[in-house]
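The block underneath contains the structure these notes are about, expressed in structure tokens.
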Amino acid sequence: MITFRDYYNNEVNLSFDDHPFSKYPKHVWVICKYKEKWLLTKHKERGLEFPGGKVEEGETAKEAAIREVMEETGGTIQEISYIGQYMVDGRNDTVIKNVYFAKIDKLTEQETYYETDGPILHKYIPAKVKYIKKYSFIMKDGVLEHCMKFIKENRFK
Ligand code: GTP
């Protein structure tokens with residue numbers, strides 16, 4: 001288990017074990033790769049981030065991950081792997097999120113990208129993402145850093 005503070009100074013606990021905080025998390029986040037590039041979305045308020053969101057009633061977390069990637073980027077998932085889970089202790093509530101790594105094999109233009117402006121492809125995620133305004137706060141804590149390292153070390157490609 002790894003513990004750190006997020007952009008808003010809330011405590012975050014991250015683990016690469018199998019669902020350590022909840023078997024039924026209500027949130028998902030999907031680190032996406034499309035043809036050797038990272039596939040992000042541009043959230044209208046938060047800025048650039050990997051796609052994700054809330055698990056809907058009657059849906060599994062993995063189904064939510066697949067749906068959110070399509071809604072926010074138009075991406076079709078070829079392969080998806082659970083990599084870990086994190087818990088944020090917010091002032092009002094606790095958020096538990098599954099993190100997935102997904103390989104995208106097709107990007108289809110959508111009529112709407114919901115609360116985002118749609119897909120953005122990046123060859124690299126800058127090391128100084130924390131200090132760059134156009135990136136979302138959810139990209140600005142240890143979750144991104146540790147998950148990217150985990151993906152690299154586990155040879156997901
Ligand atoms: P809506 O109901 O969609 O308007 O969302 P909300 O703003 O209430 O957000 P949500 O329930 O997703 O999250 C509640 C709070 O948890 C946010 O305001 C953040 O402080 C925190 N939070 C949510 N997701 C993350 C995340 O991925 N990383 C970090 N560090 N904090 C998060």
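Start at 1 and go down the list; that is how both ligands and their atoms are numbered.
For atom 31 (N) of ligand 1, the nearest non-hydrogen atom of the protein is F137 CE1, 3.5 Å. Protein heavy atom in closest approach to atom 20 (O) of ligand 1: N10 ND2, 4.0 Å. Nearest non-hydrogen protein atom to atom 15 (C) of ligand 1 is V95 CG2, 4.1 Å.
Against a heavy-atom cut-off of under 4.0 Å, H27 is close to the following atoms of ligand 1: 10 (P), 11 (O), 12 (O). Close approach of ligand 1 to D6 is summarised as follows: ligand atoms under 4.0 Å from at least one heavy atom of the residue are 29 (C), 30 (N), 31 (N).
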Using distance only, find each side-chain donor-acceptor pair of residues 118-127 under 3.5 Å and give its atom names and separation, not counting sequence neighbours.
residue: H122; atom: NE2; partner: Y135; partner atom: OH; Å: 2.8

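The closest approach between a heavy atom of K26 and any atom of ligand 1 is not below 4.0 Å. In this structure, Y7 falls outside the shell of residues with a heavy atom less than 4.0 angstrom from ligand 1. Within the structure, the closest approach of K54 to ligand 1 falls below 4.0 Å when heavy atoms are considered.
Under the 30°/60° scheme for interplanar angles, the aromatic rings of F150 and F16 are found to lie parallel. Taking the six-membered ring where the residue is Trp, F137 and Y7 present tilted rings, their angle falling between 30° and 60°.
Protein non-hydrogen atoms do reach within 4.0 Å of atom 1 (P) of ligand 1. In this structure, atom 27 (O) of ligand 1 has protein heavy atoms in its sub-4.0 angstrom surroundings. Protein non-hydrogen atoms do reach within 4.0 Å of atom 13 (O) of ligand 1.
How far NZ of K26 is from CD of E56: 14.0 Å, rounded to the nearest 0.5 Å.
Distances between N or O atoms of D141 and those of ligand 1 include at least one value under 3.5 Å.
With a 4.0 Å cut-off on non-hydrogen atoms, Y86 touches ligand 1 through its side chain and not its backbone.
Shortest non-hydrogen contact noted between A64 and E59 is CB-OE1, 3.3 Å.
Taken together through direct or relayed side-chain contacts under 4.5 Å among Ile, Leu, Val, Met, Phe, Trp and Tyr, L40 and Y113 form parts of separate hydrophobic clusters. Residues L107 and I77 share a single hydrophobic cluster, defined by chaining ILVMFWY side chains whose heavy atoms lie under 4.5 Å apart.
Among residues two or more places apart in sequence or in another chain, the side-chain contact (heavy atoms from CB on, under 4.5 Å) test is passed with N10 by D6, Y8, V88.
Distances from atom 24 (N) of ligand 1 to the heavy atoms of R91, R5, K97 put K97 nearest.
Heavy-atom neighbours of K37 NZ from other residues, nucleotides or ligands within 6.0 Å: at or below the threshold of 12.
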